[in-house]
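The block underneath contains the structure these notes are about, expressed in structure tokens.
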There are 2 protein chains.
Amino acid sequence: MKEEFFIATIRDVAKLAGVSVSTISRYLNKSGYVNAETEQSIKNAIEKLNYAPNQVARGLAGKKTNTIALILPDISNLFFSDLARAVEDVAATYGYTVIFGNSDDQGVKEKRYIETLKQKYIDGIIFASNTFGHEDAEMLTKLGIPYVCLDRGPDEQNASIVRSKNREGAAMAVQHLLDVGCRKIAHIYGPQNLITGKERLIGFEKSVQHLDWYTPSLLEPADFRIAGGIEATERLLERHPDIDGIFAGNDLMAIGALKALHRMGYRVGEQVAVCGFDGIQTTEITMPELTTIAQPIYDMGALISRLLIKKIEGTLEEDRLYELDVQLIARASTLRRKEGHDTT
Amino acid sequence: MKEEFFIATIRDVAKLAGVSVSTISRYLNKSGYVNAETEQSIKNAIEKLNYAPNQVARGLAGKKTNTIALILPDISNLFFSDLARAVEDVAATYGYTVIFGNSDDQGVKEKRYIETLKQKYIDGIIFASNTFGHEDAEMLTKLGIPYVCLDRGPDEQNASIVRSKNREGAAMAVQHLLDVGCRKIAHIYGPQNLITGKERLIGFEKSVQHLDWYTPSLLEPADFRIAGGIEATERLLERHPDIDGIFAGNDLMAIGALKALHRMGYRVGEQVAVCGFDGIQTTEITMPELTTIAQPIYDMGALISRLLIKKIEGTLEEDRLYELDVQLIARASTLRRKEGHDTT
DNA sequence: AACGTTTGTGGTACCGTTACCACAAAATCA
DNA sequence: TGATTTTGTGGTAACGGTACCACAAACGTT
């Protein structure tokens, strides 16, 4: 246990290959000239010594560590764990390692991570956290640390941002609910300090405000969580027992609506249609299965990761906003209405 | 954009404080003597320069990076994202940063991570992956990289392992199903190359083998996934349409069972009771809510993380196996049977 | 008074790379 | 043929810390 495994350094390789460390370094980085024969003997030496360049030393010398960080509110949140998977997949193929941190949407925690990451010469950061503010952005820019954001950036014009078409998605949800025969649709909307919450609400309002049955009391706020969805649904049904469609601002709240409706004796799908937003895996698990406006979560993670790496490597032409298409996944929670104008 | 933010080094601090770098270093690491007045001026200098020691340089000099890695099959799996959350929480409080990698239970990927981590002077690794084998373990030991394992280690006696009481949990599940009145219980078991799959099967068999209704054809293999659970349930019901209880080897398969039963017209809870294993969040979402043997996922993650850090810092007395208690969470998927010997 | 110990400090080699410069031999050009 | 460029190589100072050693002053101790 004490015989400390031997780890070869570039000097060991140089000695064995009979050349200088400079030559090895040049060979490794494909910078500068190195003769064909020399190259071969270097290869042999590396092979024999099982040499692999030390990344920490490289990091110190070059201020590049091949590591990126992913700051998100909570990795145990279904949406973010899916995202994290995509980020890591892409990062790995490009030779990057991923560090992650849970901010719980608390600015303090986020700042603490940034501080740590700076001392570790991290190459870039992905922010999927909502507390990322102006001063953080400014500091990172000054430090020369590239970053990209999910959903929202501190200054929309000066950063790469990936999100999906929230307004359009909300409109699609409403249209689908109308298509299946709903004639009184409520919306449980998410926190208005989150762009997703806000945009989906706007999208909903725009789609329904011209309809005769619409009244603002069909709007009910909640917190993007299951329990919040349950409570909001209860409040809504108290005001409007005749609601026949609910569009929830995200899937978790939609699941809450499902539970509440079920508990109160409504038949979901037949009597009341429910549509969520996000497309998390769990929507396939509910009973009935949940109709949802699916964000391309994996694609978003892959894209944002690729953008960051491009930015790090200086091959990103320009910072801009990417708004990805969403997709309606119609399932059993929104069946076609039997009653009403249906003529069959 | 070109004015490159100034980042102070230990030498800048030394100059400003009017002492040598040695003294600063001693102050920072609380190693060796430093006069009270000197200390004050060092503090001032650090404050003024907003200095924070560079971790990469530290890493190179001391071969310690305050970084640990978490290798798991898939971060987007509900169980592992919960675990990851706990690991990161604990790591952060001890001043460690967490790198994660998805192995997809492929040995190649896992080895690739180990290789990378070695070059990065990672301080330790948590393996929640099932492909972690003997040679990997040996190599890490030789390299002097501490590691701890979830569920299973390559050599049980020589590593710290955290798991939960799988056999006992299986017995609890059976007992609960019997308690609610089940008299013909099937078991959908997981992959037998996974310790969780194997132990839960053993626990089940031991609990039922002496019962008169038991027959091995009540056992059905699946793959720990929802779709697998559905198929297994279908096969089981074909053989034994009168099954009144199903114990699934994990929650995902139990969810599959729920779906299959529902689809086939069985009333889950009343006619057939279903019990899962793991205690993932999603069990609260199903309808009916799923009874499960809950592993203390967060505690497991926290413990394993703490063990690794202790091992890194040399304060772990001995390597051993930790088997944590599981807990029955009885919910609507296992209601008390009405039929049979019930006298009311 | 002579000696040993504690306190306080600085100098510098090293950790394992990369980047820059210097230099020489070979190849190309006028 | 001499000048210029290309090819190939080595030396060494960084990168930003830590750790060991040397040294001196202050303090006790007998």
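Within every chain, numbering begins at 1; the chains are lettered A, B, ... in the order of the sequence lines, protein sequences first and strands thereafter. Below, all heavy atoms of this structure are taken into account, side chains as well, without hydrogens, waters or symmetry copies.
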- Quick one, give me the B/S/- string for nucleotides 20-25 of chain D, reading 5' to 3', where B means a protein heavy atom under 4.0 Å from the base and S means that only happens at the primed atoms, P, OP1 or OP2. ------
Could you tell me how far apart [X] ([atom1]) and [N] ([atom2]) are, to the nearest whole angstrom?
X: A:Ile24; N: D:dT9; atom1: CD1; atom2: P; result: 10 Å
X: A:Ile10; N: C:dA19; atom1: CD1; atom2: P; result: 11 Å
X: B:Arg11; N: C:dT12; atom1: CZ; atom2: P; result: 12 Å
X: B:Leu28; N: D:dA19; atom1: CG; atom2: C1'; result: 14 Å
X: A:Tyr27; N: C:dA19; atom1: OH; atom2: P; result: 17 Å
X: A:Asp12; N: C:dT17; atom1: CG; atom2: C1'; result: 13 Å

Please tell me if [X] has a side-chain N or O lying less than 4.0 Å from either OP1 or OP2 of [N].
X: B:Thr23; N: C:dT9; value: no
X: B:Ser20; N: C:dT9; value: no
X: A:Tyr121; N: D:dC15; value: no
X: B:Thr9; N: D:dG16; value: no

Under the side chain to side chain contact (heavy atoms under 4.5 Å, CB included) test, residues paired with [X] that sit two or more places apart:
X: B:Ala61; value: none
X: A:Lys120; value: A:Thr116, A:Ile122, B:Gln55, B:Asn66, B:Thr67, B:Thr97
X: B:Arg85; value: A:Asp74, A:Ile75, A:Ser76, A:Asn102, A:Asp104, A:Lys109, B:Asp89, B:Tyr298
X: B:Arg306; value: B:Val90, B:Tyr94, B:Ala302

- Which residues in residues 49-69 of chain B have at least one heavy atom lying under 4.0 Å from any atom of DNA chain D?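 The stretch gives B:Tyr51, B:Ala52, B:Pro53, B:Asn54, B:Ala57, B:Arg58, B:Ala61 as the residues lying under 4.0 Å from the strand, ordered by number.
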- Which of residues 30-41 of chain A have a heavy atom under 4.0 Å from DNA chain D?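 Residues of residues 30-41 of chain A that come under 4.0 Å of DNA chain D are, in numerical order, A:Tyr33, A:Val34, A:Asn35, A:Thr38.
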- Message: If the condition is ring pair (Phe, Tyr, Trp, His ring centres under 6.0 Å), which residues does A:Tyr147 pass it with, not counting sequence neighbours?
- Response: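 By the ring pair (Phe, Tyr, Trp, His ring centres under 6.0 Å) rule, A:Tyr147 matches A:Phe132.
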Going by atom type alone, with no hydrogens or angles, which donor-acceptor pairs under 3.5 Å involve a side-chain atom of residues 34-51 of chain B and a protein atom two or more places apart or on another chain?
| from | atom 1 | to | atom 2 | distance (Å) |
| --- | --- | --- | --- | --- |
| B:Asn35 | OD1 | B:Glu37 | N | 3.4 |
| B:Ser41 | OG | B:Thr38 | O | 2.9 |

- Query: Under 3.5 Å, is there a donor-acceptor pair between the B:Ser103 and B:Glu110 side chains?
  - Reply: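 B:Ser103 vs B:Glu110: no donor-acceptor pair found between side chains.
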- Item | More than 12 heavy atoms from other groups under 6.0 Å of NZ on A:Lys111 |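 Yes - once you tally the heavy atoms of other residues, nucleotides and ligands closer than 6.0 Å, there are more than 12.
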- Message: According to side chain to side chain donor-acceptor pair (under 3.5 Å), who are the partners of A:Gln281, at least two apart in sequence or on a separate chain?
- Response: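 So A:Gln281 forms a side chain to side chain donor-acceptor pair (under 3.5 Å) with A:Asp82.
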- Can you list every pair that meets ring pair (Phe, Tyr, Trp, His ring centres under 6.0 Å) and has a residue in residues 98-120 of chain B, with sequence neighbours left out?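 Checked against ring pair (Phe, Tyr, Trp, His ring centres under 6.0 Å) - neighbours excluded - the pairs reaching residues 98-120 of chain B are A:Phe100-B:Phe100.
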- Task: Could you list all the side-chain hydrogen bond (donor to acceptor under 3.5 Å, both in side chains) pairs where at least one residue sits in residues 5-27 of chain A, not counting sequence neighbours?
- Result: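 side-chain hydrogen bond (donor to acceptor under 3.5 Å, both in side chains) check on residues 5-27 of chain A returns A:Thr9-A:Asp12, A:Ser20-A:Thr23, A:Thr23-A:Arg26, A:Ser25-A:Asn29.
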